[in-house]
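Numbers here simply count residues along the sequence, with the first being 1.
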Amino acid sequence: MSPSPVADSPGSSALVVRGLVKRYDATVALGGVDVEIRRGAVTAVVGANGSGKTTLLKVISGLVPATAGSVHGPDGRAVHHLADAQRSRIALVPQEPTVAGHLTVWQNVALGRPRAARGPFLDDRRARRLAAEASAGLLPPHLLEQPAAALNKSSRQLVQLAAAVAREPAVMLLDEPTAVLDEDGVRALHALVRRFVADGGTVVLVSHRLRDVLDLADSVVVLRNGLVGHAGPVEPGTERQIVALLSAEERPGRRPHRPDPTHVALEARGLLGWRGLQVDSLVVHRGEIVGIAGQSGSGRSRLAAVLAGAHPASGQIRVDGHEVATGSIAAAQAAGVAYIPEDRQATAILANQSVAANLLVGRAEPRLRRGPFRRRRVERADAEELIGRFEVRPPEPDRPAGLLSGGNQQKLVVGRALSRSRVVVVADEPTQGVDASARGAIHAALFDAAADGAGIVAVCSEFEELFEISDRIVVLCDGRVVLDRPRDLLTPGEVLAASLGSPVPAGVELAGAAPPDVPLSDDRTPKGQP
């Protein structure tokens with residue numbers, strides 16, 4: 001996995017960016033960025049959603065042209081186009097997994113690599129060997145023969161990482177690589193980065209998770225509104241400095257909520273089907289937030305999809321006491337179920353439609369219509385209110401949603417789901433890819449929905465978020481519920497053990513874990529050191 005040698009001497013800059021400007025019509029995504037990326041190190045790029053992080057990586061990788069300014073790669077050559085970046089051995093791993101679903105994992109990893117070819121054709125033996133080498137430590141060997149379409153989103157991201165390794169790059173650009181990864185995937189990614197840098201490679205890491213920055217980065221660049229607001233080494237006090245730079249305002253307030261044990265919002269019995277899912281019973285009360293935990297492949301996202309009507313299953317689902325047909329999104333929505341899916345690109349965003357259209361799709365309230373006609377002015381006012389509430393950047397209702405950053409697209413999906421009165425909200429990784437400010441706004445919106453009496457089902461792969469928002473935690477393993485207990489009576493160690501199928505004595509802790517230092521939704525206090 002060693003990076004390819006480059007012409008510059010050790011310790012020199014791997015990337016030099018000067019006066020980089022990128023405009024999209026009237027929107028300035030990058031306003032004149034100057035930065036040097038040191039060779040053989042990890043440089044983190046952080047900033048609020050829409051600050052220009054992804055645009056910076058796309059320009060460096062040659063995917064999009066700069067409006068002005070220059071980029072020079074590790075060999076000193078200018079990068080204008082994708083071919084220039086490839087010659088300079090610069091590899092980009094985008095935020096959204098973009099694998100070819102009809103190909104096997106080994107084909108995805110090896111496709112287009114000279115080492116895997118014999119003449120103009122792919123050599124299966126060479127390709128399989130290359131894929132096995134590139135994916136070592138990232139993917140179990142048995143997955144290499146699986147079609148990529150059969151993998152969950154976390155595994156597809158690991159396939160993208162392995163494909164980048166197979167290119168033998170000198171520089172890897174990682175755009176929010178941990179946003180869709182489970183805990184095992186995060187550990188594998190961290191190990192990969194450390195090995196790559198130890199072998200002389202250079203990594204530019206865009207991440208909204210300060211944990212990634214503090215664990216991996218040697219230096220950090222903070223972008224604000226397309227400009228460099230800070231650049232320096234990662235050292236004691238960096239975390240507070242980054243938070244101060246990114247926090248333009250306080251987190252939104254949270255309305256207290258309390259579960260109502262006398263009113264059931266959602267009840268599922270005997271769910272069976274879809275890739276081994278077998279849930280005997282799940283009950284969510286009005287005003288209750290139930291966190292769903294489990295390892296990758298445990299069935300947590302399958303359960304969310306079935307509850308929201310996105311996939312069929314045998315069994316019974318009742319919403320507010322009324323039975324709802326399974327496998328029908330329309331029936332679930334009519335019963336009052338809102339769904340925030342895990343894969344926003346594939347199932348939730350209309351990329352070619354405007355931000356306003358994405359926020360208003362499916363809305364049919366009487367106040368939005370006058371007879372058979374739509375009240376455009378009221379619709380636009382609603383869209384603008386939601387854009388402000390969820391801090392969508394840039395705040396342009398007519399902008400195509402596909403031009404927004406991943407985090408801002410997530411805000412659209414969440415804003416649309418939570419903008420109406422709902423009996424049940426099913427949220428699968430609701431804060432993936434968003435910054436700290438937006439994460440707080442989304443959590444506040446979930447608490448508001450619970451305070452209004454909705455039952456919330458939230459799939460969370462991060463323990464910190466799971467314990468921050470949940471009233472009760474349900475753990476899945478191999479498609480079955482193996483633990484269902486109030487949050488106050490659990491620790492992360494017990495949740496982890498249950499997700500691995502290993503019963504442990506009560507009170508077992510995760511090594512090195514600390515309790516989430518966050519305000520609670522009511523008068524409870526965290527139990528011990530989770």
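Leu174 pairs in a side chain to side chain contact (heavy atoms under 4.5 Å, CB included) with only one of the listed residues (Val204, Leu161, Val45, Leu57), which is Leu161. Of the residues listed (Glu183, Glu465, Glu239), the one engaging Arg211 in a salt bridge (Lys or Arg N to Asp or Glu O under 4.0 Å) is Glu183, and it is the only one.
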Please determine whether side chain to side chain donor-acceptor pair (under 3.5 Å) holds for the pair Gln107 and Thr104, giving the CA-CA distance in whole Å, both sets of side-chain angles, and the decisive distance to 0.1 Å. CA-CA 5 Å; Gln107 288 171 329; Thr104 64; 3.2 Å; yes
Run the side chain to side chain donor-acceptor pair (under 3.5 Å) test on Thr431 and Gln410 for me, step by step, so that the C-alpha distance in whole Å, both residues' side-chain angles and the decisive distance to 0.1 Å come before the verdict. CA-CA 7 Å; Thr431 61; Gln410 184 69 10; over 6 Å; no
Show, in sequence, the C-alpha distance, side-chain angles and deciding distance for Arg39 and Ser12, and conclude whether the side chain to side chain donor-acceptor pair (under 3.5 Å) test is met. CA-CA 6 Å; Arg39 183 189 307 279; Ser12 62; 3.3 Å; yes
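Within the 4.5 Å cutoff, the side chain of Val193 has no heavy atoms near those of the Leu205 side chain.
Sparse packing is recorded around CG of Asn225, with 12 or fewer heavy atoms of other residues, nucleotides or ligands lying under 6.0 Å away.
Under the 4.0 Å criterion applied to side-chain N and carboxylate O atoms, Asp215 and Arg187 are not assigned as salt-bridge partners. Salt bridge Glu176/Arg209: absent, no basic N to carboxylate O contact under 4.0 Å. The pair Arg439-Glu462 meets the salt-bridge criterion, since a charged nitrogen lies less than 4.0 angstrom from a carboxylate oxygen.
The nearest pair of heavy atoms linking Val171 to Phe196 is N-CZ, 4.5 Å. In terms of heavy atoms, Tyr339 sits closest to Ala417 at O-CB, 4.2 Å. Counting all heavy atoms, side chain and backbone alike, Ala100 lies closest to Asn108 at N-OD1, 2.8 Å. Closest approach of Arg113 and Ala163 over heavy atoms only: NH2-O, 3.4 Å. Taking all atoms of both residues into account, the shortest heavy-atom contact from Val79 to Ser88 is CG2-OG, 4.4 Å. When all heavy atoms of Leu404 and Leu412 are compared, the pair lying nearest together is CD1-CD1, 3.8 Å.
When atom types are taken as modelled, the side chain of Gln432 and the backbone of Glu342 share a donor-acceptor pair closer than 3.5 angstrom.
The ring pair (Phe, Tyr, Trp, His ring centres under 6.0 Å) check on His72 picks up nothing, with sequence neighbours excluded.
In this model, a donor atom of one side chain and an acceptor atom of the other lie less than 3.5 Å apart for His190 and Asp212.
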